[in-house]
Amino acid sequence: MANFYTDNPDLKHHLTHPMMEKIVALKERNYTDAEKFDYAPLDYADAQDSYDKVLEIVGEICGDIIAPNAEAVDHEGPKVENGRVTYATPTQQNLDACRKAGLMGMAMPRRLGGLNFPITPYIMAADIVSRADCGFENLWGLQDCAETIYEFADEDQKQRYIPRVCQGETMSMDLTEPDAGSDLQSVMLKATEQPDGTFRLNGVKRFITNGDADIHLVLARSESGTTDGRGLSMFIYDKRNGGVDVRRIENKMGIKGSPTCELTYKNAKAELVGSRRMGLIKYVMALMNGARLGIAAQSVGVSELAYREALSYARDRKQFGRPIIEFPAVFEMLATMKAKLDASRSLLYECARYVDLYKIYDDIAKERTLTPEERKEAKHYSRLADALTPLAKGMGSEYCNQNAYDCIQIHGGSGFMKDYACERLYRDARITSIYEGTTQLQVVAAIRYVTTGAYLNLIRTYEATEVRAELQPLKERLIAMTDKYAKAVETVVAADNKEYADMMARRLVEMAADIIMGYLLLLDAQRNESFTRSAEVYANFIEAEVTKHSEFIAAFKPAEVELYKAAE
């Protein structure tokens, strides 16, 4: 029997990171919940034991049920009839298994029926589920929408909706429309207030993951006469009330088990979340940041599967009288795949820990006034989380696609056939760098942390950490890369040319991400020698990348931007 948690010791390494002790103590309010709930932890060791046991259950369900069902789900897919979606039979089996195991609403408070998990172990579960079936993670992972209800809804709404999610009801976030994809300011679904204070929604939504969910978070235009984000509000739509039908399910390249729906709203009853006009400006931004962290976890899970499939095949496949893993062309690819996997996972959990800390402080602030020191910490971790989220999503999804590509390449002609899992995971991987904000949009979100020096400051913080003597040469190489990065940033900023800066943005963001992940792997190796190989291989890889980008920027003249316009 497979267990996707216990067969991967790297997960436990991240779960027991030194920062987790502070995170758990804050989340558990110094373990005072144990006075009210008999299953609440008594101390840090007890909490870690709880996370460990639940993640072991996640790993078992993934290894024994979800992963074996993945191929059948891909073939069968969901169907729509009379405006309602029916999941593929194996998808329903997956959901039933997760519900019975109590794996819904993991991050929600105990008083609302959840497990009160910090974000980090919840994201770890998403990492594991994604390795089993990338498409199913979309359905299971949308429980994260409950976080938006918890953060911004009133107490009555929390009491009515969050326990339902914890008991296994599904969620969706209905944001995009036929004419409003990445540009959510253009959303036109109309919300009309009624005398009783509820609203009626009318219009169309498109590309809605799990669009026939039980509970929807909907972005709609509540202010007539407006055309920008200031006229948008957030609403909860309850499927029990009717008024929303699935017009069709998109015929997608991958993630076949996840129904991507076009929805029609006809006087659908809904209720406002929080304040009017804050739907896009505040609530969707928070929702999207959580979703992007989820896609980063999904990307890492797919990278894990791609690496394992490639490694297994390379060990078994013989050519010219020996296993292909013995050929340098193959073992170099495998080592680089593993390094990219480890780097993106380290960035994912670094980001998750920062998200945990600022969100917990925000939650505590609803109960009591934070001390000046706590407010300072909350602001610090919020900035770090905001800075790392686009890197985790953007680079994690790009590495996911690269690893899926290399997995097929190692399989050769066999990888092009549906007989092997790599064909499916290659199709599944492609969406990760598109939805919840393309890689290009992640660069737009990240570039301000390049120009303000936030990434450089973070890198210098990592640089100040002492490492063992045998790791010092690796650290010195990262310092040299940082100098190249800093010079490239200076060159672009000094030019004072917006088009040129925009054109160089991805190179600068990738350099920052490369170096940050290089340091995170170095620090992983400091804690656990098993990461040393990946840290060294990754340093070799990014040294070439940083050099390439820095030399391109040094040689490129701002006026040359016109050459690229001419190619349009």
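Enclosure of atom OH in Tyr31 by more than 12 non-hydrogen atoms of other residues, nucleotides or ligands within 6.0 angstrom is indicated. In this structure, Phe416 places its CZ atom where only 12 or fewer heavy-atom neighbours from other residues, nucleotides or ligands lie under 6.0 Å away. Heavy atoms from other residues, nucleotides or ligands lying under 6.0 Å from CD of Glu81 number 12 at most. More than 12 heavy atoms of other residues, nucleotides or ligands sit less than 6.0 Å from atom NZ of Lys366. Sparse packing is recorded around OH of Tyr426, with 12 or fewer heavy atoms of other residues, nucleotides or ligands lying under 6.0 Å away. Counting heavy atoms of neighbouring residues, nucleotides and ligands inside a 6.0 Å radius, atom CE of Met253 does not exceed 12 of them. Surrounding CD of Glu332 are at most 12 heavy atoms belonging to other residues, nucleotides or ligands under 6.0 Å away. No more than 12 heavy atoms of other residues, nucleotides or ligands sit less than 6.0 Å from atom NZ of Lys318.
In this structure, Tyr361 has its ring center at least 6.0 angstrom away from the ring center of Tyr381.
Counting only N and O atoms by type, the side chains of Glu350 and Tyr354 include a donor and acceptor under 3.5 Å apart.
Salt bridge absent: Arg131 and Glu309 never bring a charged side-chain N and a carboxylate O closer than 4.0 Å. Note on Asp238 versus Arg160: no salt bridge recorded, every NZ/NE/NH1/NH2 to OD/OE distance being 4.0 Å or above. With respect to Asp214 and Arg164, no salt bridge is recorded, no charged nitrogen being found less than 4.0 Å from a carboxylate O. With salt bridges taken as basic N to acidic carboxylate O contacts below 4.0 Å, none links Glu151 and Lys158. Glu377 has a carboxylate O that lies under 4.0 Å from a charged side-chain N of Lys22, or vice versa, which qualifies the two as a salt bridge. Salt bridge status for Arg533 with Asp342: absent, with no side-chain N to carboxylate O gap under 4.0 Å. Electrostatic pairing of Lys100 and Asp96 does not count as a salt bridge here, judged by no charged N lying under 4.0 Å from a carboxylate O. Salt bridge annotation for Asp33-Arg111: absent, with no cationic side-chain nitrogen under 4.0 angstrom from a carboxylate oxygen. We find that Asp74 and Arg427 are joined by a salt bridge, their nearest charged nitrogen and carboxylate oxygen being less than 4.0 Å apart.
Counting only heavy atoms from C-beta outward, the side chains of Gln143 and Tyr122 approach each other to under 4.5 Å. Taking 4.5 Å as the limit, every side-chain heavy atom of Met417 sits out of range of all side-chain heavy atoms of Glu423.
Sequence neighbours left out, not one pair with a member in residues 64-73 passes salt bridge (charged side-chain N to carboxylate O under 4.0 Å, His left out).
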Name every donor-acceptor pair, under 3.5 Å, that has one atom in a side chain of residues 256-263 and the other anywhere in the protein, sequence neighbours excluded.
residue: Lys256; atom: NZ; partner: Asn251; partner atom: OD1; Å: 3.4
residue: Lys256; atom: NZ; partner: Lys252; partner atom: O; Å: 2.6
residue: Thr260; atom: OG1; partner: Lys252; partner atom: NZ; Å: 3.2
residue: Glu262; atom: OE2; partner: Arg247; partner atom: NH1; Å: 2.6

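In this structure, OH on Tyr5 lies 10.5 Å from NZ on Lys53, to the nearest 0.5 angstrom. With rounding to the nearest 0.5 angstrom, the CG atom of Leu521 is 11.0 Å from the CD atom of Glu536. Between Ile249 atom CD1 and Ile208 atom CD1 the span is 13.0 Å, to the nearest 0.5 Å. Rounding to the nearest 0.5 Å places SG of Cys166 at 12.0 Å from CZ of Arg110. From Ser346, atom OG reaches atom CG of Leu522 across 11.0 Å, with rounding to the nearest 0.5 Å. Ile295 contributes atom CD1, which lies 11.5 Å from atom CG of Leu348 (distance to the nearest 0.5 angstrom).
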Residues Gln298, Asn138; criterion side-chain hydrogen bond (donor to acceptor under 3.5 Å, both in side chains); working and verdict: CA-CA 9 Å; Gln298 187 178 57; Asn138 280 347; 3.0 Å; yes

Candidate pair Gln402 and Glu398, rule side-chain hydrogen bond (donor to acceptor under 3.5 Å, both in side chains), full reasoning: CA-CA 6 Å; Gln402 291 166 22; Glu398 290 295 325; 4.5 Å; no

Working for salt bridge (Lys or Arg N to Asp or Glu O under 4.0 Å), residues Lys27 and Asp363: CA-CA 9 Å; Lys27 183 72 174 177; Asp363 199 32; 5.5 Å; no

Full working for side-chain hydrogen bond (donor to acceptor under 3.5 Å, both in side chains) between Glu76 and Tyr87: CA-CA 9 Å; Glu76 182 181 340; Tyr87 295 126; over 6 Å; no

CA sep, side-chain torsions, deciding dist, call: Lys239, Asp212, salt bridge (Lys or Arg N to Asp or Glu O under 4.0 Å): CA-CA 8 Å; Lys239 182 179 173 181; Asp212 199 25; 3.3 Å; yes

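A donor-acceptor distance shorter than 3.5 angstrom exists from the side chain of His17 to the backbone of Met19, with no hydrogens or angles considered. Side chain of Thr532 to backbone of Glu529: a donor-acceptor contact under 3.5 angstrom is found. At distances below 3.5 Å, at least one donor-acceptor pair connects side-chain atoms of Gln526 with backbone N or O atoms of Arg468. Judged purely by atom type and a 3.5 angstrom limit, Gln442 has no side-chain atom pairing as donor or acceptor with the backbone of Lys393. Using a distance-only test at 3.5 Å, with no hydrogens or angles considered, no donor-acceptor pair links the side chain of Trp140 to the main chain of Met104. Lys340 places no side-chain N or O within 3.5 Å of a backbone atom of Cys400 that could act as its donor or acceptor partner. With Arg527 contributing its side chain and His13 its backbone, the two residues share a donor-acceptor pair below 3.5 Å.
Below 30°, between 30° and 60°, or above 60°: for Tyr399 and Tyr538 the angle between ring planes is above 60°, a perpendicular geometry. The aromatic rings of His411 and Tyr313 lie parallel to each other, their planes meeting at an angle below 30°, with 60° marking the opposite boundary.
No option in Pro41, Ser50, Pro109 other than Pro109 meets the side-chain contact (heavy atoms from CB on, under 4.5 Å) test with Asn116. Among Leu11, Val300, Ile119, Asp524, the single residue meeting the side-chain contact (heavy atoms from CB on, under 4.5 Å) criterion with Tyr349 is Leu11.
Shown here are the side chain to side chain donor-acceptor pair (under 3.5 Å) partners of Tyr519, two or more places apart in sequence or in another chain: there are none.
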